[in-house]
Chemist: 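Below is one structure. I have some questions about it.
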Amino acid sequence: MNSDQISISLDLINRHYQEPNRNRFESRYFWEELYSLISASGFRAIEIPYEPVWQFGGRSGVPMNRYCVETKYESADGYRAALAERGIDRVAGVMFDPNLFMRNDNLDFFFGASGHFAGEAVAHAAALGADYIAISPSPYYGRAAHYHPDLEAKSAGFTERVTDALRGLADKAASSGVTLVLRNDYWSLFRGERILPLLDALPAGVKLDVDTASLTIAGVDPAAFIAAHKSRIGCVHLTDTSFVDTNETWKTPNPEFPEHRATQVFRDPGTGGVDIPGIVALLGRQAYDGPVVFSARQTRDPFRALLRIRTLLDQLLN
Amino acid sequence: MPNIRYANMCHWKAIPYRQIDNFREFYYEDKTNSAYYSDWDTILKYQSALGFHGIEIAPWDLADILPLFGSPENFTAFAKDRGVEVIGMFHGAHASHAADHFDEAVRSGREAVDTIVRFGGQYMNTCPTQNYCGTGPLSREQVQQCAKVMNEIGRYATDHGVKLGLHNEFFCAINIENHRELIESTDPKLVHYCIDTAQIAIMGEDLLTFYNDYHDRISTFHLKDTGSARQPDSVRYARDPEIADDGTRWFWEPGLGELDLAGLYRLLKQHAFKGWMSIEYDGSPDLLASMALTRYHLDSVLRPIYD
C-alpha cells in the first residue's frame with residue numbers, strides 16, 4: 001500500500017446526526033479549522049461525500065457539493081487553494097449515494113434526481129482533480145421498500161435502470177479522467193457479492209470500491225473478497241464495525257440505526273472487529289497502489305476519531 | 001386553559017430512533033451524550049418535562065420521520081402518548097412569485113396542508129418565496145403573484161381546518177420594501193401571519209409596531225430573540241446570509257438578545273391573543289439548554305405579564 005495514497009473521508013463530520021446543533025457543522029469557520037486539524041493529524045488528502053441537500057437551502061460553508069464550494073470559494077480551484085493553505089494537498093475522491101431522492105413512490109423522480117446529482121458529483125470530482133468518484137448504486141433497500149412495497153417484483157427493472165444510469169456516469173467519468181468505483185454498502189440492493197453482476201455489465205474502466213465494514217456486515221470476508229477481485233479494485237475504504245446483523249437490519253428504512261437494538265454500526269477504525277492491519281498487509285502483498293480511504297462514519301467524536309485513525313495508521317506503517 | 005400554549009419548532013437534527021430500548025447499553029458504547037439525543041421518546045420527554053406541549057415539525061424531517069414511524073398518524077400518536085401534540089408544519093412556497101410556477105406552488109402547498117392534517121396540526125407557516133439573492137428585487141406584479149398563490153393555498157388550508165400564516169425570513173425576496181404590501185394583498189379571511197420575532201426585526205420591522213398594526217392577522221408566533229435588528233441590504237441580500245461564515249448567531253434565546261419581548265407580551269395582553277406560540281432555537285449550540293433557558297425566561301419574565 002502506498003502511504004501517499006491514504007486519505008481521510010470528511011464523512012467523519014455528519015451534520016445529520018452528530019450533536020443537536022444544526023449550524024456549527026455548516027459554517028465556514030468550522031470547516032476551515034478542521035482542514036488544519038486534519039493536516040496536523042498527518043493527512044494530506046481528503047475525500048468529500050457529495051450531498052446535494054446543502055444546495056437546496058442555498059447556504060452553508062460545507063464543501064459537500066459544487067454549489068457550496070462555488071458560493072464560498074468561487075471555483076474548485078479557489079477551494080483547492082484554501083485547502084492547500086491549510087496543509088491539504090488534494091481531494092482524493094468524491095462519494096455519492098442517492099438516498100436523499102428515495103422519498104416517494106415515483107421511480108422516475110428517483111432516477112431523474114439521483115442521475116442529475118450523480119452527474120454533478122462526477123463534475124465536482126473532476127474539477128477538484130480527484131482520482132475517483134465512488135457511487136452507491138442503490139438507495140437503502142428498506143427505504144426503497146417503504147415507498148415501493150413491491151420492490152422485489154420490480155428488482156429486475158430497477159437493476160436495468162441502474163445499469164443504464166451507471167453506463168452514462170461511467171462515460172462521463174472516463175471523459176473527465178476520473179475512475180468510477182461502485183460501493184458495496186451493506187444496506188444496498190447490490191450488497192456484498194451482488195455488486196459483481198452489476199460491475200460485469202459496465203465498461204472495464206469501472207472498478208470496485210471495497211468497504212471493509214460493509215462487506216463484513218453483509219457476511220463477506222473482506223480479505224477473501226480483496227484476494228478474489230484484486231484486479232478489479234479501484235478504491236478501498238477502511239471502515240470498522242462490531243455489528244452483526246442478526247435481524248435483517250439491512251432491510252430496514254434506516255439501516256445505520258438498527259431498530260430495537262440501538263448501536264453504532266460503524267466504529268472508528270481500529271475500535272471494531274475488522275482486521276484492518278491484516279487487510280493493509282494484504283494490500284501491501286498485492287502491491288495495491290490505488291486510493292485508500294479511512295472513514296470514521298457515525299463517529300461520536302470526530303476529533304477523537306481523527307487521532308484514533310492517526311494512531312492506528314502510525315502502528316500500521318511502522 | 002392558559003391563553004398561550006407553548007410549542008417547539010423542531011430544530012433537532014435528524015433523530016434516528018423512535019425509542020431506545022437498550023438505553024444503558026447504548027450509553028456504554030461510547031459514554032457520550034449521543035444516546036440522549038438519538039430517539040424521539042427522549043426528545044419528546046424533554047419537551048413535555050419543560051412544558052412545551054406542542055411541536056411544529058419541519059418538512060425536511062419528513063424523509064426520516066415517515067419511514068421511522070410508518071405514517072404521520074403513528075408519529076402523532078407516539079408524541080401524544082408523551083404529552084406533546086403536533087401543532088403544524090413549516091412550508092416553503094418556492095418560486096411563488098413566478099407566474100409560470102403557479103400550479104406547482106399551489107400543488108405543493110396543498111400537499112403540505114394534507115400532510116399537516118394527517119399529523120393533526122392546525123398551522124402551516126409559509127415562507128412566501130425564496131431568497132432575495134438571485135430572485136429580488138420583485139416587481140409589483142411578482143408580489144401580487146405571491147399573494148395570489150397564498151390566497152389559493154390559504155383557501156385550501158382554511159377548508160381543511162388549517163391556518164396559513166405568512167412567515168418571512170430576513171433574507172427573502174419578500175423583504176422590508178414589500179413585506180406589508182404582500183400581507184395587505186392577501187385575503188385576511190384566508191391568509192394569516194406568523195410573527196417570527198427575530199426574523200422581522202432583522203429585516204427591519206419594529207416588532208411592537210408591526211404587531212400593533214397586524215394583531216388581528218396573527219395566527220401564531222415563532223418566538224426568539226436577536227441582537228442584530230435592522231441589518232443592511234448587504235447582509236439581507238447576500239448570497240449566503242443565514243449561516244454566517246464566522247459563526248455569528250442571528251438568533252438567541254428569549255432574554256439573551258435585545259428585543260422588547262416584555263413589551264410584546266404587554267401588547268399580547270392588550271389584544272387578548274390566545275393560541276399557540278412556537279419557540280425557535282435555530283442557531284443554538286445546545287437545544288436542550290436553550291429549551292430550559294427559555295422556560296425559565298417565560299416563567300420568570302414573560303408569562304407573569306400575560307399568559
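Just so it is clear, the values below take in all heavy atoms, side chains as well, and ignore hydrogens, waters and symmetry mates. Order of the sequence lines fixes the chain letters, A, B, ..., with proteins taken first and strands second; residue numbering starts at 1 for each chain.
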Chemist: If you count heavy-atom pairs under 4.5 Å between each of B/L62, B/D30, B/D21 and chain A, which one has the most?
Modeler: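 The option with the most such pairs is B/D30.
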
Chemist: When you look at CD of A/E33, are more than 12 heavy atoms from neighbouring residues, nucleotides or ligands closer to it than 6.0 Å?
Modeler: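 Atom CD in A/E33 is not packed in, count stays at 12 or less.
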
Chemist: I'd like to know if B/D245 pairs up with A/K72 as an ion pair, taking the criterion as any Lys NZ or Arg NE/NH1/NH2 lying under 4.0 Å from an Asp or Glu carboxylate oxygen.
Modeler: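 Looking at B/D245 and A/K72, the cut-off is met.
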
Chemist: Can you tell me how far the OG1 atom of B/T32 sits from the CG atom of A/D301, to the nearest 0.5 Å?
Modeler: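 So the gap between those two atoms works out to 8.0 Å.
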
Chemist: What part of B/A244 lies closer than 4.5 angstrom to a heavy atom of chain A: side chain, backbone, both or neither?
Modeler: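 Backbone only.
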
Chemist: Does atom CZ (A/R86) have a neighbourhood of more than 12 heavy atoms from anything else shown, all under 6.0 Å?
Modeler: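 Buried by this count: over 12 neighbours within 6.0 Å.
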
Chemist: Determine which residues belonging to residues 259-273 of chain A lie within contact range of chain B, meaning some heavy atom pair is under 4.5 Å apart, and list them by number or answer 'none'.
Modeler: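 When heavy atoms of chain B are the reference, residues 259-273 of chain A contributes A/E259, A/H260, A/R261, A/A262, A/T263, A/Q264, A/R267 within the under-4.5 Å range.
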
Chemist: So, A/R143 and B/D64, do they make that salt bridge, N to O below 4.0 Å?
Modeler: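 Yes, this pair counts.
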
Chemist: With a 4.5 angstrom heavy-atom cut-off, is it the side chain or the backbone of A/Y147 that approaches chain B, or both, or neither?
Modeler: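 Interface part for A/Y147: side chain.
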
Chemist: At a heavy-atom separation under 4.5 Å, does B/R18 approach chain A through its side chain, its backbone, both, or neither?
Modeler: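 Only the side chain of B/R18 comes within 4.5 Å of chain A.
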
Chemist: Atom NZ in B/K13, atom CG in A/N14: separation rounded to 0.5 Å?
Modeler: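 Atom-to-atom, B/K13:NZ and A/N14:CG are 6.5 Å apart.
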
Chemist: Of all the heavy-atom pairs spanning A/S27 and B/I243, show the shortest one and how long it is.
Modeler: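 Of all heavy-atom pairs spanning A/S27 and B/I243, the closest is OG-CG2, 3.2 Å.
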
Chemist: Atom OH in A/Y17, atom OG in B/S34: separation rounded to 0.5 Å?
Modeler: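 Output value for this atom pair is 13.5 Å.
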
Chemist: Is it the case that over 12 heavy atoms from other parts of the model lie below 6.0 angstrom from the CZ atom of A/F30?
Modeler: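 Yes.
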
Chemist: Calculate, to the nearest 0.5 Å, the distance between atoms CZ and CG belonging to A/F257 and B/D39 respectively.
Modeler: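 A/F257 CZ to B/D39 CG: 12.0 Å, rounded to 0.5 Å.
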
Chemist: Got a sec: does the OH of B/Y296 have more than 12 other heavy atoms crowding it under 6.0 Å?
Modeler: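 No, the 6.0 Å shell around OH holds no more than 12 heavy atoms from other groups.
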
Chemist: Does the side chain of A/P258 come within less than 4.5 Å of B/Y17's, by heavy atoms?
Modeler: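 In contact.
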
Chemist: Using every non-hydrogen atom in the two residues, find where A/H146 and B/G70 come nearest and quote the distance to one decimal.
Modeler: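 So the two residues come closest at CE1-O, 4.0 Å.
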
